[in-house]
Student: 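For reference, the structure I am asking about is given below.
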Amino acid sequence: MNAFQANKLALYFIAGTQDLAPNQTLPELLEKAIRGGITAFQYREKGPNSLKDAHALEEMARTLQVICRKHQVLFFINDDLELALTIQADGVHVGQTDQPIQEVIARSAGQLMIGLSCHQLAEVQAANDIPEVDYVGIGPVFKTSSKSDAEPPLGIEALHVLAAVSTKPVVAIGGLTPLNISDFDFNTITGIALISALTQSDDIAQTLNLCHQAMHLVDCQT
Ligand code: 3NM
């Protein structure tokens, strides 16, 4: 991952069918988030109410990928290496209990960027030793309602301890809002990943604008 791509981890939106409110659609939500200035998107179908049908899933992934490409937003697939390879996504993101990272590396052979979730020191240190891992997701920082099997919240201090150990770009995740990221040190944290702060926002542009301000990013709304 080059510096240009790492910068694009700054505002990282994650969503799947399970995260939608009754009258939302993923393409519409993604378009709104892109207009608000997100720089990366991860398509994540997981848990109750997620899309299970492989054909429908690939079709949705391709639709979302087209939208991301049009706006130069990085497009990641969560925990589905075959789909990421089939559609030539920008990257794949895996957790510690998903498909083993060495398998992902062996199969993707430089075709995909790779993100890995880490929750503790040993995992961050192990990721440091794997050159093919492009960035780490560290969390959950706060309590989250979007991941039923989430680890206990780390809190801000532990997040920063882990981020300082990481030699990779760090994307913080879990319960993040424009308000609670204001104490983050964005010299050590490259980006923030958001699900519910955006899927449950009444005004996505405003929410992202507040994130921009908290992160001291230059305004990149379109
Ligand atoms: N991964 P929200 S927490 C998908 O800790 C995910 O690895 C986590 O959703 C981790 O922004 C999480 O709604 C859910 O809290 C984040």
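Values in this document were obtained by computation on a predicted structure and should not be read as measured data.
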Student: Applying salt bridge (charged side-chain N to carboxylate O under 4.0 Å, His left out), which residue pairs with at least one partner in residues 51-66 are found, sequence neighbours left out?
Tutor: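 Every salt bridge (charged side-chain N to carboxylate O under 4.0 Å, His left out) pair that includes a residue of residues 51-66, provided the two are not neighbours, is Glu58-Arg62.
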
Student: Looking at side-chain heavy atoms only, is the closest gap between Ile138 and Ile173 below 4.5 Å?
Tutor: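 Not in contact.
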
Student: Once you round to the nearest 0.5 Å, how far does CZ of Arg44 lie from CD1 of Ile195?
Tutor: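 The CZ atom of Arg44 sits 5.0 Å away from the CD1 atom of Ile195.
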
Student: Side-chain atoms of residues 153-162: list all donor-acceptor pairs with protein atoms under 3.5 Å, sequence neighbours left out, distances to 0.1 Å.
Tutor:
unit_1: His160; atom_1: ND1; unit_2: Ile156; atom_2: O; d: 2.7
unit_1: His160; atom_1: NE2; unit_2: Asp185; atom_2: N; d: 2.8

Student: In chain order, what residues pass the ring-ring contact (aromatic ring centres under 6.0 Å, His included) check against Tyr135, with sequence neighbours excluded?
Tutor: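 Scan of Tyr135 (ring-ring contact (aromatic ring centres under 6.0 Å, His included), adjacent residues dropped) gives Tyr12, Phe76, His93.
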
Student: Can you list the residues that meet the salt bridge (Lys or Arg N to Asp or Glu O under 4.0 Å) rule with Asp79, with sequence neighbours excluded?
Tutor: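 Asp79 satisfies salt bridge (Lys or Arg N to Asp or Glu O under 4.0 Å) with Lys46 once adjacent residues are dropped.
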
Student: Is there a side-chain contact (heavy atoms from CB on, under 4.5 Å) between Ile67 and Glu31 once you walk through the steps?
Tutor: CA-CA 7 Å; Ile67 297 170; Glu31 296 262 18; 3.9 Å; yes

Student: Which is it for Ile38 and Leu208 under the side-chain contact (heavy atoms from CB on, under 4.5 Å) test, yes or no, and what are the steps along the way?
Tutor: CA-CA 8 Å; Ile38 62 157; Leu208 285 167; 3.8 Å; yes

Student: Yes or no on side-chain contact (heavy atoms from CB on, under 4.5 Å) for Tyr43 and Ile87, after CA distance, side-chain angles and deciding distance?
Tutor: CA-CA 12 Å; Tyr43 181 38; Ile87 70 169; over 6 Å; no

Student: Going only through I, L, V, M, F, W and Y residues with side-chain contacts under 4.5 Å, is there a path from Val92 to Val133?
Tutor: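 Yes: a chain of side-chain contacts under 4.5 Å links Val92 to Val133.
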
Student: Hydrogens and angles aside, do Thr199 and Asp19 bring a side-chain donor and acceptor to less than 3.5 Å of each other?
Tutor: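 No - no donor-acceptor pair under 3.5 Å links their side chains.
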
Student: If only atom types and distance count, is the side chain of Glu103 paired as donor or acceptor with the main-chain N or O of Pro100 below 3.5 Å?
Tutor: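 Checked: no pair found.
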
Student: Quick test of your reading: applying salt bridge (charged side-chain N to carboxylate O under 4.0 Å, His left out), list the pairs with at least one residue in residues 141-152, sequence neighbours left out, ordered by first then second residue.
Tutor: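 Of all non-adjacent pairs touching residues 141-152, those that pass salt bridge (charged side-chain N to carboxylate O under 4.0 Å, His left out) are Lys147-Asp149.
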
Student: Return the set of residues passing ring-ring contact (aromatic ring centres under 6.0 Å, His included) with Phe75 (not counting sequence neighbours), or none when no residue passes.
Tutor: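 Here no residue qualifies.
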
Student: About how many Å separate OG1 of Thr207 and CG of Leu11, when rounded to the nearest 0.5 Å?
Tutor: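 Here the interatomic distance stands at 11.5 Å.
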
Student: When rounded to the nearest 0.5 angstrom, what is the spacing between CE in Met1 and NZ in Lys8?
Tutor: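 Atom-to-atom, Met1:CE and Lys8:NZ are 11.0 Å apart.
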
Student: Main chain of His119, side chain of Glu123: is a donor-acceptor contact present, judged purely on distance under 3.5 Å?
Tutor: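 Yes: the side chain of Glu123 pairs with the backbone of His119.
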
Student: Hey, can you tell me if Phe186 and Phe184 have their rings parallel, tilted or perpendicular (30° and 60° cut-offs)?
Tutor: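 Answer is tilted, since the angle falls between 30° and 60°.
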
Student: Checking Thr25 side chain against Glu28 main chain: does a donor-acceptor pair fall under 3.5 Å?
Tutor: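 Between the backbone of Glu28 and the side chain of Thr25 there is a qualifying donor-acceptor contact (under 3.5 Å).
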
